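It should be emphasised that the depicted structure is a prediction, and the values quoted were computed from it without experimental measurement. Naming: A, B, ... by sequence-line order, numbering from 1 per chain.
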Amino acid sequence: MEYNPKNIEKKWQEHWKTNDSFEPSEDFSKEKKYILSMFPFPSGRLHMGHVRNYSISDAFARYHRQQGKNVLHPIGFDSFGMPAENAAIKNGSHPKGWTYDNIDYMKNEFYSLGFSFSRKREMATSDELYTKFEQSFIIDMYEKGLLYREKGMLNWCPHDQTVLANEQVVDGCCWRCDTPIVKKEMNQYYFKITQYSDELLSDLKKLEGGWPKQVLTMQENWIGKSNGLAFDLEFDDASKEKLNAQFGGFDVFTTRPDTIYGVTYTALAPEHKIVAYMIENHLLSEEIVAAITKMKNTSSIDRQKEKSGLSLGLNVVHPLTGKSVPVWIANFVLMDYGSGAVMAVPAHDDRDWDFAKKYDLEITSVIRPFDGELSLDAAFTEVGELFNSADFDGMNSKKAQYDVIKTFEDKDIGKKTTNYKLKDWGVSRQRYWGAPIPFIHCSDCGLVMEKKENLPIALPEDVEINGEGSPLENHPTWKHCKCSQCGKDAVRETDTMDTFVQSSWYFLRFCASPQNWEKEAFSKEQIKYWMGVDQYIGGIEHAILHLLYARFFTKVFRDLGYVDFDEPFDKLLTQGMVLKDGSKMSKSKGNTVDPDAIIEKYGADTARLFILFAAPPTQELEWNDSGVEGAHRFVKRFYERSSNVVKTDKIPTITHSSLNKEEKFARKKVYEALVRATEVYQERYTFNTMIAGVMEAMNALNLQTNAKVWSEGYWILSSIMEPVIPHTCWEISHEYFSLNNLSAQKVLDEVFAQESVTLGVSINGKRRGEVEVAIDASNDDILAAAKEVVAKWLDGQTILKEIVVPKKLVNFVIKG
RNA sequence: GCGACCGUGGUGGAACGGUAGACACGCUACCUUGAGGUGGUAGUGCUUUCGGGUGUGGGGGUUCAAAUCCCCCCGGUCGCACCA
């Protein structure tokens, strides 16, 4: 029996396809499992990261199917996005053709790996049907006030010619093409994600235990909640006059109200509206205006390099002391956080300190250490004791924060405030290959929504894509339409949506029964049954963007009445990257391994086995060619040794007591592998250790010749390996077991019964020998036997303590 | 700077306070083979005077017992980063 992966794999892939083997049942009384891998972008070919991702989810899906669960394991494609347009610009292909060709190719790759996806629920987010339902949700969100249009300074990528969300700007550059971002003022649609800031933060608690801590922390930091005091700083009379009485003062926010008596200057962001007013009304010298303009045009990276600022020649009044405090502009004050203005306490804040030193501003200390001297070489930012602070003198600075806030609230000059780093999600993209935003601009009615019955607003196919401007804007006819309200000539919105909108609800779409596919996005009943996703698997790179947006959409859908839960993904597994020669596989580094070539050479089962065996799923995985060969040898051995099995329709019954030592050992190893497999599939996800257990069992089986033990062993081992190397296991199972063993397996306790057990014997925790004792030996007998074994170590020593750990070891504590 | 995770043979990795290095790769020797591959047998942390000694980044602590728990330091990876 020679192992021929090509024949076996093709045979079973055909079988699964023709028999609809992996379609979930519509019987909602069954216990369900929803296993989902993050869906791929159809870039053209699968890479090893994909293979790893889907090998993991497929193992889960197949395992739960064996356990009799109703399993939903769908696949789709996140198929809108820039690369389709880039390909169009580069080689003249049409984004749609390019995308769907890629999808076809990748689907074949998926099925050649034997993944058990529901074929009937395959979809792509660029399908018009998907766009139709999405646009309908967008209209709902607009009606709820969760989507709005506003002019703002946006992140503009000059290369991709589009706006980016804050989350898509990485180190000041475009997340896709690495081009430095410039700020541009434009109209833009925003999702009001900030309305959910608090809930997105507090619901992270519900995910504890199910999600990796790292991801929860990243989301927490991204939302960035901080509590503090907001208050008004009022201009003195001379400053008010200078500003033509247009401004009475400005708002500042601080998380350190305890340092209020240490305020010696205040600083505005260069983009602050007071600064803008002063420039417009020529209240500043040309020199200063030039410096401000330069500051504003500096990229955010450069702006971080050195602090700089300018005095505005204005003063405010300290709210508690009445002292005059100068107003500056500072490049480190961010317009989009808080109010774009800060009170500065150089004595107790590093940034304020640097700035004060550079411009020789006053520094007033108000907190000193509880013991020891206050150093005047740097800002003192620890907790300490207040001084120079009137009524608050002597108070613990931590406690004083509450008292100062209370004082401001009592006097009605400020209040406790919470700020978030999270910003509203800008979703317009000035690109073609995306879902059109279903709005209309009417010269009479303003911004109006398209009527739902006219959805989808589909993309025109005859477009010119040359990288200049928005193809929809440039299209001769597409944007012209009738106003949905007054019926007069109007124009469509030509912006399309960020592709993260599609991935924010695709997991809900998969819950829809294919027979209702056309009619509805999903039904409440289907959602109720299938959601939440029991196990979600994907890369850590989506820890913020996708997962935050999907959580946001879930909460919005809940408030729109479509779903009745708060969080979409119960359990999240973030897989590690696939590396080659120590770094991430990438075309530019030339260290990629093509999955197709591996399947061609060794078969899909080898690829799957290697990828699950080489490392636990959450860790990085180093690709290793000889490791792949090792995996291949195992699959081959596993298949070829099945010739020791005798055909049977049910698991053989064996009288354990009549077996010899090797046979008993083999059975024990087989059942140990089963116990471990259960643990791994249900809790630990360390497939590498499960596979190691199967290898041990195989090694043990090979030391004996009992056909019944072989048959029982294969009955169990091919069942627990089926989620990993499905083709080989189905072939074996079909050949010998009529496919009856691919189901939940029972553990037989009798095989673990032992007459004797070997204990380690140690002295002072140091292993000195081992002793074999009867399983039911008393502690005294064990100790006596153990003492004999280590007699030479105990000679002339006083035993202070004797410890017996049942079935593990004996430890003697001796003096010295 | 802040936060999270991690540090075990030549390599990937086991060990959920209880015999460190399971399982595999690699390597060495031998058997099978015309050769290569496959398959098989034995060995493989370091060191050794063959008794043993020593060993999980370094130092300390808790414990009868620590790779594992606690503290400090060193190193690495990732994320955030002038967020007031």
Side-chain angles (χ1 to χ4, degrees), chain A residues 2-3 170-171 212-222 224-226 228-230 252-256 259 266-267 269 300 303-307 330-334 336-345 349-352 354-355 381 419-422 540-541 543-544 576-577 610 613-616 618-634 636-637 640-641 679 683-684 686 688-699 702 758-770 792 800-814:
Chain A
E2 197 163 321
Y3 176 55
V170 179
D171 293 334
K213 232 166 130 184
Q214 186 192 7
V215 175
L216 295 176
T217 314
M218 283 166 76
Q219 294 228 345
E220 191 184 321
N221 292 341
W222 189 265
K225 179 178 182 168
S226 51
L229 169 71
V252 293
F253 172 72
T254 179
T255 53
R256 291 295 306 276
T259 62
T266 76
S300 62
R303 223 166 122 167
Q304 282 180 38
K305 281 182 186 151
E306 207 196 330
K307 292 187 175 45
N331 66 344
F332 66 88
V333 180
L334 308 172
D336 53 8
Y337 183 76
S339 57
V342 298
M343 66 176 219
V345 186
D349 181 283
D350 293 323
R351 294 156 302 178
D352 297 348
D354 292 346
F355 192 82
T381 55
N419 261 311
Y420 297 90
K421 288 188 207 172
L422 185 68
I540 186 81
E541 66 272 20
I544 295 174
M577 282 191 299
F610 171 75
F613 180 56
T618 53
Q619 261 176 55
E620 288 179 340
L621 175 121
E622 174 72 30
W623 189 267
N624 177 308
D625 289 332
S626 49
V628 177
E629 288 188 19
H632 184 66
R633 282 201 295 270
F634 176 78
K636 186 174 147 71
R637 252 194 330 261
E640 286 171 0
R641 284 191 190 153
E679 226 176 79
E683 304 160 34
R684 299 184 48 174
T686 49
N688 54 329
T689 63
M690 180 197 85
I691 295 163
V694 172
M695 287 172 169
E696 283 179 54
M698 281 295 291
N699 292 344
N702 208 40
T758 303
L759 304 179
V761 183
S762 44
I763 292 172
N764 288 350
K766 186 81 205 160
R767 187 168 186 270
R768 291 304 182 190
E770 59 181 42
K792 71 169 183 179
L800 299 177
K801 201 166 179 180
E802 298 168 336
I803 288 138
V804 178
V805 182
K807 293 178 190 168
K808 294 256 160 85
L809 56 73
V810 178
N811 189 22
F812 294 108
V813 183
I814 62 174

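Atom pair A:Asn221:CG and B:rC2:P shows a separation of 13 Å (rounding to whole Å applied). In this structure, A:Lys213 places its NZ atom 17 Å from C1' of B:rU77, rounding to the nearest Å. Atom CG in A:Asn764 sits about 8 Å away from atom C1' in B:rC64, given to the nearest Å. Going from atom CZ of A:Phe355 over to atom P of B:rA84 covers 18 Å, rounded to whole Å. At whole-Å resolution of the value, CD in A:Glu220 and C1' in B:rA4 are 11 Å apart. Taking atom NZ of residue A:Lys225 and atom P of nucleotide B:rA84, one finds them 13 Å apart after rounding to whole Å.
Residue A:Gln214 is the one, among A:Gln214 and A:Asp349, whose nearest nucleotide of RNA chain B lies closer to the 5' end (criterion: closest heavy atom).
B:rG45 sits 26 Å from B:rG60 when the C1' atoms are compared, rounded to a whole Å. Spacing between B:rA15 and B:rC78 at atom C1', rounded to whole Å, works out to 26 Å. Comparing the same atom, P, in B:rG57 and in B:rG76 gives a spacing of 16 Å after rounding to whole Å. Using C1' as the reference atom, B:rA66 and B:rG61 are 11 Å apart when rounded to the nearest Å. Straight-line distance between the P atoms of B:rG7 and B:rU56: roughly 14 Å, to the nearest whole Å. Using atom P as the reference point in both B:rC2 and B:rC72, the two lie 13 Å apart (nearest Å). Taking atom C1' in both B:rG40 and B:rC50, the straight-line distance is 31 Å, to the nearest Å.
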Readout for nucleotides 13-47 of chain B: B = base within 4.0 Å of protein heavy atom, S = sugar-phosphate only, - = neither; 5' to 3' it is SSSB-BBS-BBSSS-----------SSS-------
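Base orientation of B:rG9: syn, the glycosidic angle falling within 90° of 0. With its glycosidic angle within 90° of 0, B:rG51 is assigned syn.
One distance of note links OG1 of A:Thr758 with NZ of A:Lys808; it measures 14.0 Å at 0.5 Å rounding. One distance of note links NZ of A:Lys421 with OH of A:Tyr337; it measures 7.0 Å at 0.5 Å rounding.
Annotation: salt bridge (Lys or Arg N to Asp or Glu O under 4.0 Å) contacts of A:Arg684 (sequence neighbours excluded): A:Glu679. Partners of A:Lys225 according to the salt bridge (Lys or Arg N to Asp or Glu O under 4.0 Å) rule, which considers only residues two or more places apart in sequence or in another chain, are A:Asp198.
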Set out, line by line, the N/O atom pairs under 3.5 Å between protein and nucleotides 50-53 of chain B.
unit_1 : atom_1 : unit_2   : atom_2 : d
B:rG53 : OP1    : A:Arg768 : NH1    : 3.3
B:rG53 : OP1    : A:Arg768 : NH2    : 3.3
B:rG53 : OP2    : A:Arg768 : NH1    : 2.8

What are the atom names and distances for every N/O pair under 3.5 Å that joins the protein to nucleotides 56-63 of chain B?
none

Check: protein-nucleotides 6-8 of chain B nitrogen or oxygen pairs below 3.5 Å:
none

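If you check every strand for non-hydrogen atoms under 4.0 Å, A:Val333 touches a base.
Classification of the A:His632-A:Tyr3 ring pair by plane angle, with boundaries at 30° and 60°, yields tilted.
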